[in-house]
Amino acid sequence: MRLYNTLTRQREDFVPADGRLVRMYACGLTVYARGHIGNFRTFISLDVLRRALKYVAGFDVKQVVNFTDVDDKTIAGAEREGVPLGEYTARYIAAFHEDCSALGLEPSEENPRATDPANIQAMSDMIATLERKGHTYRSDGSIYFKIATMPDYGRLARLDHEGILAGARVDSDEYDKEDARDFVLWKATKPGEPTWDAGVGPGRPGWHIECSAMALRLLGEAPIDIHAGGIDLIFPHHENEIAQSECATGKPFARTWVHFEHLLVENQKMSKSLGNVYTLPDVVSRGFRVSTLRYLLLSAHYRSRLNFTWAGMAQAEEAIRRWTDFLARLDTITGGEAHAAVAEAVGAARTAFDGAMADDLNTAAALGEVFELVRALNTAADAGGLGAADVAVVRAAFAHFDDVIGVVSLRRREDASAGLSEADIERYMHDRQEARRRRDFAAADRIRAELLELGVILEDGPQGTRWKRK
RNA sequence: GGCGCCGUAGCCAAGUGGUAAGGCAGAGGUCUGCAAAACCUCCAUCCCCGGUUCAAAUCCGGGCGGCGCCUCCA
């Protein structure tokens, strides 16, 4: 498995430190709103990374994805609605889990919340260590990390120490910092805000400390194998995580840093003012399936910007159909021996697919391999070169592709929970078949149109009529 | 001011030195009661200009055009 490491700006061979278990952390959501499709591009990419590590590279994975459930926005949101912070954030945590399930994401091994007592304790302990080692100072009730104490600060983002602030905007109300680059580890709380004291005094967590503390608490000794997140987190979030963790432990924090590019919507940055911040329910209300979004977001490489459009969704939908139509065709193959050419083509496609995935998660190329195989096997089937005895290897290969891509299995779940029952469909089809036998094509077409209204498409073929869901 | 990215067919998108994967859309054909599905054929010389090389979409330089980060935004 080769992965692009932001730390070195190169693709590197990746193997977990112990050769078997990948210990991976990713920055999750700040739960002040429902996740949008941009967030989910990150989490879908993360899911594919996880699946590739497991099903292509054969590693085990322990994945931790956190919830930031205390910060300015969550506190403000809870206050605005007059509910306790925990109740406010619980809603969005529940929505996140719902959305992840709808997208077919494999669950993380751990989803820690910053406010869990064990995590607060871990943060406090880490801050105490940093204080002991002289990396901090206190000011107005807050504890800051002193960047001047870390000579190679800025390695990840490739920041130039001298030029770091020239021309950049600086947050003017952070007047109590000694150096504008310093960042807060533990924030003094205002009256009425939630507060904790686990040893370093009353306050609440700074953003960056959460991830450092939770990652090391749940994944064990530094360095962890992979730390991932959205590309916007490189600076300052991940840079600061590195500073804290490395100064506290004296060891590198993460061996490989993986960053996912952003999603644009109609070529623009998502923003509330443009009204283009879409959530999963928005996608569904536009008549699209969530599985289609998953496919679309995997059709481009994770490190390139992807422009979301509704036209793109329609194209993605058609592409998936080509895949699922082929699988449905396998059901109609009833007789025939195995063909060496089929096994050979399938084997080559599997190798190529795995190769693409192992090459820094090249999902676009991997999908290309899937469709090339679809065409080859359709051609073979048309020529009578695909027998029932071939079907098992073919199915196994496509199941493997979907172990990683995760779209077809998701569709099946969607189909199973939607629309007419299969028995109902069979009844309609029987009636239509009768009409066709009478050569009453008007009646037959009427039934077909009716089913289409109900979301079921019929296709007549030599082996009889096939149905599929719209 | 600093750091960095991108520009491949109507649309989406692989490709990182050897004469352009794949998907969608489109055209023609085969099949079919019709439709759909499927198959076949067709549809690009890679933003521009130089350079390196036997050979460049791929490397270097210069343009032009998009864009990101340097603000607790995935």
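Quantities reported herein were computed from a predicted structural model and do not represent experimental measurements. Here is how names work: the chains are called A, B, and so on, in the same order as the sequence lines, proteins then strands, and each is numbered from 1.
We find that CD1 of A/I44 is positioned 12 Å from C1' of B/rA74, with the value rounded to whole Å. Note: CD (A/E239) to C1' (B/rC73) measures 18 Å, nearest angstrom. Put simply, CH2 on A/W467 is 18 Å from P on B/rA37, counting in whole angstrom units. If you take CD of A/Q268 and P of B/rG68, they are 10 Å apart, rounded to a whole angstrom. Rounded to an integer number of Å, the gap from CG of A/D445 to P of B/rA36 is 12 Å. A/D460 places its CG atom 11 Å from the P atom of B/rC34, with the value rounded to the nearest Å. Protein atom CZ of A/R329 is 11 Å distant from nucleotide atom C1' of B/rC31, rounded to whole Å. The nearest whole Å value for the distance from the CG atom in A/L367 to the C1' atom in B/rA21 is 12 Å.
At the heavy-atom level, A/G38 lies under 4.0 Å from base atoms of the strands shown. Among the atoms of the strands shown, base atoms are found under 4.0 Å from some heavy atom of A/D232. Residue A/P462 is classed as having no contact, given no heavy-atom separation below 4.0 Å to the nucleic acid. Counting any heavy atom pair closer than 4.0 Å across all strands shown, A/G368 reaches a base atom. Nucleic acid contact for A/A157: sugar-phosphate only, since backbone atoms but no base atoms lie under 4.0 Å from a heavy atom of the residue. Among the protein residues, A/R432 comes within range of the nucleic acid bases, having at least one heavy atom under 4.0 Å from a base atom. Contacts of A/D325 with the nucleic acid, taken as non-hydrogen atoms under 4.0 Å apart, involve only primed sugar atoms and P, OP1 or OP2. The residue A/I234 sits apart from the nucleic acid: no heavy atom pair falls under 4.0 Å. Residue A/K73 is in sugar-phosphate contact alone, with no base atom involved, counting any heavy-atom pair closer than 4.0 Å across all strands shown.
Pairing partner, B/rA27: B/rU41, with both Watson-Crick or wobble hydrogen-bond distances short of 3.5 Å. Searching all strands for a Watson-Crick or G-U wobble partner of B/rC34 with both distances below 3.5 Å returns nothing. B/rU19 makes up no base pair with any nucleotide shown, lacking Watson-Crick or G-U wobble contacts both under 3.5 Å. In this structure, B/rU53 forms no base pair with any nucleotide, since neither Watson-Crick nor G-U wobble geometry is met with both distances under 3.5 Å. Pairing of B/rG65, defined by two Watson-Crick or G-U wobble distances under 3.5 Å, is identified with B/rC6. Using Watson-Crick or G-U wobble geometry with both donor-acceptor distances under 3.5 Å, B/rC72 finds no partner in any strand shown.
Residue side chain A/R321 does not reach the base of B/rA37 through any donor-acceptor N/O pair under 3.5 Å, judged by distance alone. Residue side chain A/R322 does not reach the base of B/rC24 through any donor-acceptor N/O pair under 3.5 Å, judged by distance alone.
The C1' atoms of B/rU16 and B/rA56 are separated by 11 Å, rounded to the nearest whole Å. Comparing B/rC59 with B/rG17, their P atoms sit 8 Å apart, to the nearest whole Å. Spacing of P atoms, B/rG23 relative to B/rU53, comes out at 39 Å, to the nearest Å. Spacing of C1' atoms, B/rC34 relative to B/rG66, comes out at 48 Å, to the nearest Å. As rounded to the nearest Å, B/rC39 and B/rG18 have P atoms that lie 30 Å from one another. When the C1' atom is used for both B/rU52 and B/rC40, the distance is 43 Å, rounded to whole Å. As rounded to the nearest Å, B/rC69 and B/rA74 have P atoms that lie 13 Å from one another. Across the P atoms, B/rC5 and B/rC46 are found 23 Å apart, a figure rounded to whole Å.
Side chain to side chain, A/D71 and A/Y32 fail the donor-acceptor criterion of an N or O pair below 3.5 Å.
A/S245 places no side-chain N or O within 3.5 Å of a backbone atom of A/I242 that could act as its donor or acceptor partner. Judged by distance alone, with hydrogens and angles left aside, the side-chain atoms of A/R34 form no donor-acceptor pair with the main-chain N or O of A/R91 at under 3.5 Å.
Using cut-offs of 30° and 60° on the angle between ring planes, the pair A/F288 and A/W310 is parallel. The aromatic rings of A/F401 and A/W323 stand perpendicular to each other, their planes meeting at an angle above 60°, with 30° marking the opposite boundary.
We find the NE2-CD distance between A/H135 and A/E246 to be 11.0 Å, quoted to the nearest 0.5 Å.
Ring-centre distance between A/Y25 and A/H227: below the 6.0 Å cut-off. A/H238 and A/H208 have their aromatic ring centers separated by at least 6.0 angstrom. The distance between the ring centers of A/F326 and A/F398 falls below 6.0 angstrom.
The phosphate of B/rC69 (OP1 or OP2) has a side-chain N or O of A/K269 nearer than 4.0 angstrom.
Other residues, nucleotides and ligands contribute more than 12 heavy atoms inside 6.0 Å of the CD atom of A/E434.
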So if I define the base as every atom that isn't primed, P, OP1 or OP2, how would nucleotides 8-19 of chain B read as a B/S/- string at a heavy-atom cutoff under 4.0 Å? ---BSSSSB---
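Between A/W207 and A/E318, the residue anchored closer to the 5' end of RNA chain B is A/E318, taking for each the nucleotide with the nearest heavy atom. Comparing A/L29 and A/T379 by the nucleotide of RNA chain B whose heavy atom lies nearest to each, the residue mapping closer to the 5' end is A/T379.
The side-chain heavy atoms of A/E109 and A/V64, taken from C-beta on, include no pair separated by under 4.5 Å.
Evaluation of A/F371 against the base of B/rG22 yields no stacking contact (centre distance < 5.5 Å, interplanar angle < 30° required).
Comparing B/rA74, B/rA37, B/rC3 by their closest approach to the side chain of A/K468 singles out B/rA37. Ranking B/rG22, B/rA37, B/rA74 by closeness to the A/R466 side chain, first place goes to B/rA37.
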